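Below is one structure, written out as structure tokens, with a few remarks after it.
Along the sequence shown, residues carry numbers from 1. Since the model is a prediction, treat every value here as computed from it, not as a measurement. Quick note: numbers below take in every heavy atom, side chains included, and nothing from hydrogens, waters or symmetry partners.
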Amino acid sequence: MGGYDGDAFHAAYAEVMARWPDARQVLRVPTEFGTTYVNVCGPRDAPPLLLLPGGGGATSASWYAQAALLASAHRVYAADLFGAPGRSEAAPGRPPRTAADLDTWLDALLDGLDELDGRTGLDGRARLGGPDGLRGPDGGDGTGGARPISLGGHSYGGWIALRYALHAPARVRRLVLLDPTQCFAGYRPAYLLRALPMLARPTPRGVRAFLEWETGGAGLDPGALRLQEAAAGFPAPRPVTGPRPDARALRALDVPVLLAVAARSRTHDARAVAARAEEALRDVETVVVADVSHHALPPAASPALDRRLSDFLAVSG
């Protein structure tokens, strides 16, 4: 089939984003690596939550099924990644190239969200809600005006989120990992044999065949599938990859974690992922999600799982 069609991609992106809450806004956050495109919804004075999509053809749009519920109690930010399809624009010649670059990018993204979304003004004072909502010179929470943020990530986005929690635990309040890859176990060889040729020469037909293989055709939303197909061949820098986090660093992490693994995942052994996470992390809740595969998430998450995510994020402290 033909090469990348930008008009088709942006039309498919808009189609999925139409399923987000009507009050959705967009922020474009400048960083040294380029401009990050962030979809935003929820009350401005609510606890902040940053969601990161998986790799491949995933975008921030993939959180549409959870956006309304999570935005009922959080200021939700969903970012498009560099090195992946989406509306973020990498700086010419300066995309993230290392895992440390991803940490630096998230540092800058969180700082930018604080400033651009009115949470922290240039005078360092935290703004909450309306024009009179000032809360003191340091925001009252000991973080210099920027409140700790909860992070959520699916697949590759889970790896980025976990790495960042290890890099800057004081900035992370709670961590949600939705079938994360390369965090607690490696890929199944059969998955790599299927995925690598598709990633090397992506076509809409190849993307569809791969996703239907991994999911067994179950749980694939038609609109989300069209977006993944349209993303084939998207002109983006090579995504950053790296090793699994160090076991000693994981044991030292003092951030509450909710880990949800897809029981039917063909990406990795879900139960091994859960078992190793429970062994490695000090404060983790694990959920094995029945009847769902890796690439059907996040859209195919059950209402029960969505409520579990919401309840976990709602816990204070």
Can you tell me if Arg28 has over 12 outside heavy atoms packed within less than 6.0 Å of its CZ? no
Is there a side-chain contact between Phe82 and Leu102, using heavy atoms and a 4.5 Å cut-off? no
Side-chain donor-acceptor pair under 3.5 Å between Thr203 and Tyr4, yes or no? no
Worked check of salt bridge (charged side-chain N to carboxylate O under 4.0 Å, His left out) between Glu285 and Arg308: CA-CA 10 Å; Glu285 301 176 30; Arg308 181 74 177 268; 3.3 Å; yes
Please assess Glu278 against Thr286 for the test side chain to side chain donor-acceptor pair (under 3.5 Å), listing each intermediate value before the final yes or no. CA-CA 8 Å; Glu278 290 173 345; Thr286 58; 2.5 Å; yes
Ignoring hydrogens and angles, write down the donor-acceptor pairs under 3.5 Å from the side chains of residues 182-198, residues two or more places apart or on other chains.
{"residue": "Arg188", "atom": "NE", "partner": "His268", "partner atom": "O", "Å": "3.2"}
{"residue": "Arg188", "atom": "NH2", "partner": "His268", "partner atom": "O", "Å": "3.3"}
{"residue": "Tyr191", "atom": "OH", "partner": "His295", "partner atom": "NE2", "Å": "2.7"}

Nearest atoms (heavy-atom pairs only) where Ala73 meets Ala46: O-CB, 3.6 Å
Going from OG on Ser150 to NE2 on His74, what distance comes out if it is rounded to the nearest 0.5 angstrom? 5.5 Å
If you measure from CG on Asp80 to CZ on Arg87, what distance do you get to the nearest 0.5 Å? 8.0 Å
A side-chain contact here means heavy atoms from C-beta on lying under 4.5 Å apart; do Asp117 and Arg44 qualify? yes
So how far is it from Leu178 CG to Leu305 CG, rounded to the nearest 0.5 Å? 6.5 Å
Trace of the salt bridge (charged side-chain N to carboxylate O under 4.0 Å, His left out) decision for Asp107 with Arg171: CA-CA 9 Å; Asp107 280 334; Arg171 300 195 73 167; 3.7 Å; yes
To the nearest 0.5 Å, what is the distance between CG (Leu69) and CG (Asp306)? 6.0 Å
How close do Val29 and Gly112 get, counting heavy atoms only, and between which atoms? CG1-CA, 3.7 Å
Are there over 12 heavy-atom neighbours, none belonging to Arg271, within less than 6.0 Å of that residue's CZ? no
Partners passing salt bridge (charged side-chain N to carboxylate O under 4.0 Å, His left out) against Asp311 (at least two apart in sequence or in another chain): none
I would like to know whether Ser60 and Tyr13 meet side chain to side chain donor-acceptor pair (under 3.5 Å); could you show each step before the answer? CA-CA 9 Å; Ser60 60; Tyr13 188 106; 3.2 Å; yes
Taking the side chain as every heavy atom from C-beta outward, state whether His294 and Arg266 have any atom pair closer than 4.5 Å. no
Side-chain contact, heavy-atom cut-off 4.5 Å: Leu313 with Leu49? yes
Taken to the nearest 0.5 Å, the spacing of Gln25 CD from Tyr77 OH works out to 9.5 Å
To check you understand the geometry: which heavy-atom pair defines the closest contact between Val255 and Pro169, and what is its length? CG2-O, 4.0 Å
What is the minimum heavy-atom distance between Ala296 and Thr215, and which atoms define it? N-CG2, 3.8 Å
Minimum heavy-atom distance Val315-Arg173, with the two atoms named: O-NH1, 2.7 Å
For the residue pair Trp159 and Thr181, what are the closest heavy atoms and their distance? CB-O, 3.5 Å
When you look at Asp283 and Arg174, which way does the salt bridge (charged side-chain N to carboxylate O under 4.0 Å, His left out) test go after all the steps? CA-CA 10 Å; Asp283 187 355; Arg174 297 197 147 237; 5.7 Å; no
Arg276 side, atom CZ; Asp269 side, atom CG - distance, nearest 0.5 Å: 7.5 Å
Between Leu220 and Glu212, is a side-chain contact (heavy atoms from CB on, under 4.5 Å) present by the stated rule, with each step listed? CA-CA 8 Å; Leu220 280 176; Glu212 289 179 342; 4.1 Å; yes
Step-by-step side-chain contact (heavy atoms from CB on, under 4.5 Å) determination, Val292 to Leu297: CA-CA 8 Å; Val292 70; Leu297 295 171; 3.9 Å; yes
Can you give me every donor-acceptor pair (side chain of residues 239-254, partner residue at least two apart or in another chain, under 3.5 Å) with its distance?
{"residue": "Asp246", "atom": "OD2", "partner": "Arg248", "partner atom": "N", "Å": "3.0"}
{"residue": "Asp246", "atom": "OD2", "partner": "Ala249", "partner atom": "N", "Å": "3.1"}

